[in-house]
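Okay, structure first, notes after.
Read the numbers this way: they start at 1 and go in the same order the structure lists the ligands and their atoms. The model shown is predicted, which means the values in this text are computed figures rather than measured ones. Side-chain atoms are counted along with the backbone in the values below, which use heavy atoms only and exclude waters and symmetry mates.
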Amino acid sequence: MRSEAGTPAPCPTPDAHSWCDQRLSASVRADRFVTAMTLDEKVSLLGGQGVVHNGIVPGGHTGATVAVPRLGLPVVYLSDGPVGVRQGVATALPVPMALSATWDLGLARRAGRAVATEAKAKGNDIVLGPSVNILRTPQNGRTYESYGEETLQNARTGVAWVQGAQSTGVIADIKHYAGNNQEGQLGLPPFVSADGGRTNVSANMTQRTLREVYLPHFEAAVKQGKVGTLMCSYNKVNEVHVCENKFLLDTILRQQWGFRGMVISDYGASKGTATGLNAGLDFVPAQGLLDRSYSPTQIRAALTLGQVSESTLDKRVHAIIGTLFAFGFFDRSGFTDDDQQIPFAQHDVLARQIEERAITLLKNNGVLPLKGSTKRIAVVGTYADEFVTGGGSGGVEPRPGAVVTALDGIRDRAGRAVRVTFTDGSDPAESARQARAADVAIVVVGDVQSEGTDKTCVSMNCSNDALTSNSTLITSGSNCVERTCPINGTDNDRLVSQVAAAQPRTVVALQTGGPVLTPWRNKVAAVLEAWYPGQAGGSALARVLWGDVDPGGRLPATFPATADQLPTAGDRRRYPGVANSALYSEGLLVGYRWFDANKLRPAYPFGAGLSYTRFRYGNLTVTRGGPRGAVATAHVTIRNVGRRPGIAVPQLYVSKPSTRPLRQPVRQLAASHSVHIPAGRSVRVSLPLNDRSFASWDSSLRGEGGWRIPRGCHRLSIGMSSRTLTSSAVIARGAACPGARLRLPVTGLFDLPLAPPASSQRASS
Ligand code: BGC
């Protein structure tokens, strides 16, 4: 479907209208435009034309505004999403979880830029991405669509994606604000879930948990990414629906963070017209369809009844118009909907490059990289022969012929000298026979994830029940009984074990959207997590298997050894919630912080991932100050002591001192860097820290709370994962600490800048 694209610029010349003078600020230009609007025009702008696409009609936009023809304002078009554009065919990049696994902000920027370039070429002004919700439980059906369990990692990846996207002139949309961490269980997709469903559940948490875990990535997108729009989510936070939550939409977002953009509701998330308008919700794209609010009649009624003032209405209209001015919408002609404009060949390469950096090597007993002596490879598993990705609004339809499956990639790379056999794994005896007859077996297995319904447990075999036909429901709340319900006729865990029993050189390539259980990990020779790998997944996998490139991925989420290790396990009040209240009583202890606090041994810890080479980390040093307002900079020299080039991902964690009333997690990520190091060479990596790296939210401050640096000894540790730390140093903040490398004062109340400035590297002898 072609849009009304190529429409003339609303401001063809600077003197066409009083609001066209480009020397004026976006806000003043918006004032003038809003003043010129009639009440009818204002009222009509706040509700969208509805879902033009929603994945059912391919080719259309996900949403559109109503035009104001009298003033020359054309329709504004919107499209999903965080993985790629959901409009016709598009480049299917590796999913966001994979992007996060690269720990490479340059790639995140390029991913955002590529998706927005395609959105623009399809006539869209706004792209509905990125999704930055925290992985609180890997059962969440949208786990694949997120950046994992670490707030800072979400913040940095999201900011980079937004910056890349908005560099094209398209406006990004950070979503889903906030606390949208589950879809619910036992429901039917997409909107109904009986137990803890996203439209009714309330994420109930303390202010500190909200400020430290569930908001900073949104805050970063606003303050650093300068994101133009934000999507309020379906759920409630502390019993108030987010799209009518004045505290979240006005006090925090606009007053405290200074957001000047436009708030868009998720599709069906707006709960009331007057409540939404008064809270700060500007635009309801699916008005009249999924949302029973924000229709012109309803808005007029709210005005007439005095539930909403005209000045409030003007504020909502101003937010929309002001955003359009700020992003140049008035000063350019409409984007043309024409796929010919898309540099598909470049994006195909990018899809492969991201996946190469995302593939995370979790175990390797020496079988990888594959040797030249490998003459026969048995590829096993349906996922080897399919394009595997997540469902819902993060779905992307790749171009015909663009997909390289694992089997395609392995066959291409193996060439004629190597015999590659394939079986889908449905016949265990045949799988074992082929594996036994080969030099190496590669089992490609994964899970099923989709928006709309959570997985009912954490193993591969226990996936999204509403989407799998032949599974039976056996759950006992969050402590779901691990079971052997087959997906597509295959019990993946049993398949891996059977192949491993037949072939000691068994490599497992996982294609999952997030953490799963790996009960067979001690029986296999190697484990790679390839995530939902995007359209070029097979090429990237083959290049990693043969060692053409080093696996660059590190885990953005902890892989538990058993389901009962998870912070959300064993207590229905936490997950999926009781009577639609999910109690976030684990507080700050999300992901690795929970495992550390409870001294649990996961299967694979946060930040883990192996290289084909070996690195030696020097001692951590700390200097005062640093770039762009940094208060201190941590430095480490890393030497590649192996014989191959490789990718190191040094991670810096901070252990803040526990003081009353602020108890602290054992450690938290403070900075990281992904760096390619040639064999035998060294690189010095510098990781700047700002005051926020040391701060905590103290709810007792100033009545409503504020950021504070706990007085005491802050220990920095550097290493290769959250559990492999090689060196540490203490920074004293407002206290005497024996052996401290640096003493820094503790300042009073302040609004701290967010993520630390960018890390850097330089070659070292
Ligand atoms: C999703 C959003 C998406 C919207 C439009 C909703 O169900 O939660 O992420 O942007 O649909 O497709």
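Near Tyr267, meaning under 4.0 Å from one of its heavy atoms, ligand 1 places the atoms 4 (C), 5 (C). For ligand 1, the atoms sitting less than 4.0 Å from at least one non-hydrogen atom of Leu128 are 10 (O), numbered in the order shown with element in parentheses. Within the listing of ligand 1, atoms 2 (C), 3 (C), 9 (O), 10 (O) sit less than 4.0 angstrom from a heavy atom of Lys175. Close approach of ligand 1 to Met231 is summarised as follows: ligand atoms under 4.0 Å from at least one heavy atom of the residue are 10 (O). Set against the non-hydrogen atoms of His176, the atoms of ligand 1 under 4.0 Å away are 2 (C), 8 (O), 9 (O). The distance from ligand 1 to the heavy atoms of Arg198 drops below 4.0 Å at these ligand atoms: 7 (O), 8 (O).
If you run side chain to side chain contact (heavy atoms under 4.5 Å, CB included) between Arg399 and each of Asp339, Ile342, Asp348, only Asp348 comes through.
Of the heavy atoms in Glu145, none comes closer than 4.0 Å to ligand 1. Under 4.0 angstrom from ligand 1, the non-hydrogen atoms of Arg142 all belong to its side chain.
An N or O contact shorter than 3.5 Å is missing between Thr62 and ligand 1 by distance. Residue contacts with ligand 1: Arg86 is placed with a nitrogen or oxygen under 3.5 Å of a nitrogen or oxygen of the ligand (distance criterion only).
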Does the pair Ser233 and Asn235 meet the rule for a side-chain hydrogen bond (donor to acceptor under 3.5 Å, both in side chains), with working shown? CA-CA 6 Å; Ser233 54; Asn235 56 290; 2.8 Å; yes
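Below 30°, between 30° and 60°, or above 60°: for Phe325 and Phe330 the angle between ring planes is below 30°, a parallel geometry. Relative orientation of the Trp103 and Phe606 rings is tilted, given thresholds of 30° and 60° on the angle between their planes.
For an aromatic pair to be called close, the ring centres must be under 6.0 Å apart, and Tyr584 with Tyr214 satisfies this.
A salt bridge links Asp125 to Arg332: one of the charged nitrogens lies within less than 4.0 Å of a carboxylate oxygen.
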